[in-house]
K.L.:
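My structure is below; once you've seen it, I'll send some questions.
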Amino acid sequence: MQDKPDRLEAARIEKLQRIEALGIDPWGQRFDNHIGIGAAREKCPEESGVDGDTVRVCGRIMLQNDRGKLKFFHIQDWSGRIQLWISQKDVDEKTWALIDCLDLGDQVGVEGLVKKTRTGEISVFVKQLCILGKSLATPPEKFHGAKDVEMLLRQRYLDLIYNEGVLDRMLRRTKIISSIRNTLNSRGFVEVETPVLHAIAGGAAARPFITHHNALSIPLYLRIALELHLKRLMVGGVERVYEIGRVFRNEGIDATHNPEFTMTEIYQAYGNYETMMELTEAIVTDACLVANGTLQVQWGDKAIDFTRPWKRARYGDLFKEHAGCDMRDQEAVAAVAKKLHIEVAGRDPDVIINDVFEATVEDALIGPIFVTDYPAKMCPLTKRKWGEPDIAERFECFVWGMELANAYTELNDPRLQEELFRTQLSGLAEEDSMAKMDHEFVQALKVGMPAAGGLGIGIDRLIMLLTNSRSIRDIIYFPLMKPEHAGGATEAEAQPAVE
RNA sequence: GAGUGCGUAGCUCAGUCGGUAGAGCAACGGACUUUUAAUCCGUAGGUCGUGGGUUCAAGUCCCACCGCACUCACCA
């Protein structure tokens, strides 16, 4: 059902009909042999009034300035903006009539000489013009633009059109992701796709989204991690494997969390977590150079230097430095925890250590820094250090308190894996635990997975760091928004009765 | 989930102590062949987020709800 057109839309529909009456398709036809506006600008002679090349360009009308028999338009494509100079004496009668029907926001294609006006503005002196798409919606105010955050997120296309830098930032996102692929592909990794719908949402500690398969009549979960399927592929002999894909976590939304986000997980047979440190440095520095051309970048009012090698520090040493006690000294840790108002009673010592670490250490990590060798009980998918069963061969990489990467020497002992899946730490809710029994995964490990290193990188956070974006919403085209009006799937549809 | 703030024309925003809803841009009609957010003359355009309440009178005060933002909580 269409809404009743408002008065502004009605005016545009009236022009649309006038264009049709001229025998012209207001929605446009193909427009061949055009060049980008950025490229057209480069063809303009330095000196005003000197003819340059004939160019064909197309784009959206952003500004118009009607001087009667002379009209100026500014059009924009994704490479830039250029002024059109349209004199009645330069175009035929039908074109002039068409030009009278143009509105801000319409798409046009033009051909003409590129040269500077008397005032030095690079312009296309139009000889031919055609319409390539009518716009029925009134654009935002020409000077102040569109500012309403809610409108810009719900109608991201307006943000992309009218706010400078938004499209450029999103295109840098694409470049960063292709850089990651290039780095991995050049090292012999293969990209795969694994299921999004999981019978058991494992591989991370997060609450899943629940859905339902009608024909099978079973509940399914949207994946919260890529880990367990990629490791099955390691068992199958896919020695260097990665996936870049969407994962879903049913948690709160804020400047660094969107319910669906992109991550990559990478596994390398016969490597370990130190192999993954080198790989992390390579992926991030390659991407940083592609996005910024330098390894020194701004992060708000702070600076980040990604020059290799990055610092490394053991978890236990950082704990001692910032929390002020040895993490193996349970009484001392409990005392520090109490001071920080962290619950102690009935909770596993490693859970308390983890809370104290997050409260005292993480925000102090400027980075980039690899924090290594975690308390083992928090890491049910990680290999223990040989001869040190309380320490897991894991690192997390931090930059300005933000977790950028997480990697393990992968646990490939099926019997230990099965035991760890069974072990729920006291003080940790089941949904907050990584330990979820997955017999099929344990069966895969029994077949034999090679010793291996595995690495996970939150792509959105990496892009935030590399594009100096303080909000995850700035680098996701369509972040989740609550529907403005009731609609979409009903609760009954979303969670059908399961017998 | 809690607290604070915001929601007025298509857009950007005013709206005083509760007293007839305003401006600029955009639109429509007119003038204009070197404008740069052109300028000038004229016209039209409103469910003040939604629903209640108080009041002679509500954009304004009160209550509930919806959406957004920020802070906090949650977020291996």
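As a basis for the values below, the full set of heavy atoms in this structure was taken, side chains included, without hydrogen atoms, waters or symmetry mates. In what follows, every chain begins at residue 1, and chains take the letters A, B, ... in the order their sequences are listed.
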K.L.:
Would you please say whether a donor-acceptor pair under 3.5 Å links the side chains of A/Asn406 and A/Arg394?
P.N.:
yes
K.L.:
Say you pick atom C1' in B/C70 and the same atom in B/G59; how far apart are they, in whole Å?
P.N.:
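B/C70 and B/G59 have their C1' atoms separated by 25 Å.
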K.L.:
Can A/Glu46 and A/Lys116 be counted as an ion pair, charged N to O under 4.0 angstrom?
P.N.:
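Salt bridge: yes.
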K.L.:
Can you check the A/Ile342 CD1 to B/A73 P distance for me, whole Å?
P.N.:
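Roughly 12 Å, once rounded to whole Å.
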K.L.:
So which one's nearest nucleotide on RNA chain B is more toward 5', A/Leu153 or A/Arg394?
P.N.:
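Residue closer to the 5' terminus by nearest nucleotide: A/Leu153.
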K.L.:
Would you mind classifying the nucleic acid contact of A/Arg154 as base, sugar-phosphate or nothing, using non-hydrogen atoms under 4.0 angstrom?
P.N.:
sugar-phosphate
K.L.:
Round to the nearest Å and state the distance from A/Leu226 atom CG to B/A76 atom P.
P.N.:
16 Å
K.L.:
Of the non-hydrogen atoms in A/Arg207 and A/Glu251, which two are nearest, and what is the gap between them?
P.N.:
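Taking A/Arg207 first and A/Glu251 second, the nearest heavy atoms are N-OE2, 3.3 Å.
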K.L.:
OP1 or OP2 of B/A26 less than 4.0 angstrom from a side-chain nitrogen or oxygen of A/Lys142, does that happen here?
P.N.:
yes
K.L.:
Establish, yes or no, whether a centroid distance under 6.0 Å links the rings of A/Tyr408 and A/Tyr273.
P.N.:
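That pair fails the under 6.0 Å test.
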K.L.:
Nearest to the A/Gln88 side chain among B/C28, B/A76, B/U33, which nucleotide is it?
P.N.:
B/U33
K.L.:
Determine the Euclidean distance between corresponding C1' atoms of B/A9 and B/A27; express it in Å to zero decimal places.
P.N.:
11 Å
K.L.:
Between B/G15 and B/A69, how many Å separate the two C1' atoms, rounded to a whole number?
P.N.:
23 Å
K.L.:
Tell me the interatomic distance from A/Glu251, atom CD, to B/A76, atom P, rounded to whole angstroms.
P.N.:
7 Å
K.L.:
Using the P atom as the reference point in each nucleotide, state the distance between B/G10 and B/G5 in Å, no decimals.
P.N.:
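Each nucleotide's P atom is 28 Å from the other's.
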K.L.:
Base, sugar-phosphate, or nothing: which does A/Leu63 touch, judged by heavy atoms less than 4.0 Å apart?
P.N.:
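Sugar-phosphate contact only - A/Leu63 comes under 4.0 Å of backbone atoms but never of a base.
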K.L.:
Mind checking the C1' distance from B/C48 to B/C61? Whole angstroms is fine.
P.N.:
15 Å
K.L.:
Expressed as a whole number of angstroms, how long is the span from A/Glu121:CD to B/A38:P?
P.N.:
11 Å
K.L.:
In whole angstrom, give the distance that lies between atom CE of A/Met263 and atom P of B/A76.
P.N.:
12 Å
K.L.:
Using the C1' atom as the point on both nucleotides, what is the distance between B/C32 and B/A38, in whole Å?
P.N.:
11 Å
K.L.:
Do the numbers put A/Lys436 on top of the ring of A/Phe421, so that NZ or CZ is under 6.0 Å from the six-membered ring centre and no more than 45° off the axis?
P.N.:
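Relative to the ring axis of A/Phe421, which defines the angle, A/Lys436 lies outside at least one limit.
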K.L.:
Can a salt bridge be assigned to the pair A/Asp6 and A/Arg12 using a cut-off of 4.0 Å between side-chain N and carboxylate O?
P.N.:
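The answer is no: the pair does not qualify as a salt bridge.
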K.L.:
Using a heavy-atom cut-off of under 4.0 Å over every strand shown, decide if A/Gln64 touches base, sugar-phosphate, or nothing.
P.N.:
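Result for A/Gln64 = sugar-phosphate.
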K.L.:
So, OP1 or OP2 of B/A27: does either fall under 4.0 Å of a side-chain N or O from A/Lys15?
P.N.:
no
K.L.:
Do the ring planes of A/His198 and A/His229 sit parallel (below 30°), tilted (30 to 60°) or perpendicular (above 60°)?
P.N.:
tilted
K.L.:
In whole angstrom, give me the gap between the P atoms of B/A21 and B/A58.
P.N.:
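Their P atoms lie roughly 10 Å apart.
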K.L.:
How far does the P atom of B/C17 sit from the matching atom of B/G46, given to the nearest Å?
P.N.:
29 Å
K.L.:
How close or far is atom C1' of B/A76 from atom CG of A/Asp350, stated in whole angstroms?
P.N.:
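Rounding to the nearest Å, CG of A/Asp350 and C1' of B/A76 are 13 Å apart.
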K.L.:
Could you tell me how far apart A/Tyr162 (OH) and B/A37 (C1') are, to the nearest whole angstrom?
P.N.:
15 Å
K.L.:
Anything under 30° is parallel, anything over 60° is perpendicular, the rest tilted; go ahead and classify A/Trp85 against A/Phe72.
P.N.:
perpendicular
K.L.:
Would you mind reading off the distance between A/Asp254 atom CG and B/G1 atom P, rounded to a whole angstrom?
P.N.:
15 Å
K.L.:
Taking the basic N atoms (NZ, or NE/NH1/NH2) and the acidic carboxylate oxygens, is any pair closer than 4.0 Å for A/Lys320 and A/Asp317?
P.N.:
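So A/Lys320 does not pair with A/Asp317 through a salt bridge.
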K.L.:
If you draw the axis of the six-membered ring of A/Trp400, does the NZ or CZ of A/Lys302 fall within 45° of it and under 6.0 Å from the ring centre?
P.N.:
yes
K.L.:
Could you run through nucleotides 3-12 of chain B and give me one letter per nucleotide, 5' to 3': B if any protein heavy atom sits under 4.0 Å from the base, S if only the sugar-phosphate is that close, - if neither?
P.N.:
-------BBS
K.L.:
Can you run through RNA chain B from 5' to 3' and write each base as (, ), [, ], | or . depending on how it pairs? Watson-Crick or G-U wobble, both distances under 3.5 Å.
P.N.:
(((((((..((((.....[..)))).(((((.......))))).....(((((..]....))))))))))))....
K.L.:
Sorted by first residue and then second, give each side chain to side chain donor-acceptor pair (under 3.5 Å) pair with at least one member in residues 349-366 of chain A; sequence neighbours left out.
P.N.:
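Every pair satisfying side chain to side chain donor-acceptor pair (under 3.5 Å) with a residue in residues 349-366 of chain A: A/Arg347-A/Asp355.
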K.L.:
Would one find a side-chain N or O of A/Arg473 under 4.0 angstrom from OP1 or OP2 of B/C70?
P.N.:
yes
K.L.:
Any side-chain N or O of A/Arg67 less than 4.0 Å from the OP1 or OP2 oxygen of B/A38?
P.N.:
no
K.L.:
Any idea which of B/A26, B/U34, B/A76 is nearest the A/Leu104 side chain?
P.N.:
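Among the listed nucleotides, the one closest to the side chain of A/Leu104 is B/A26.
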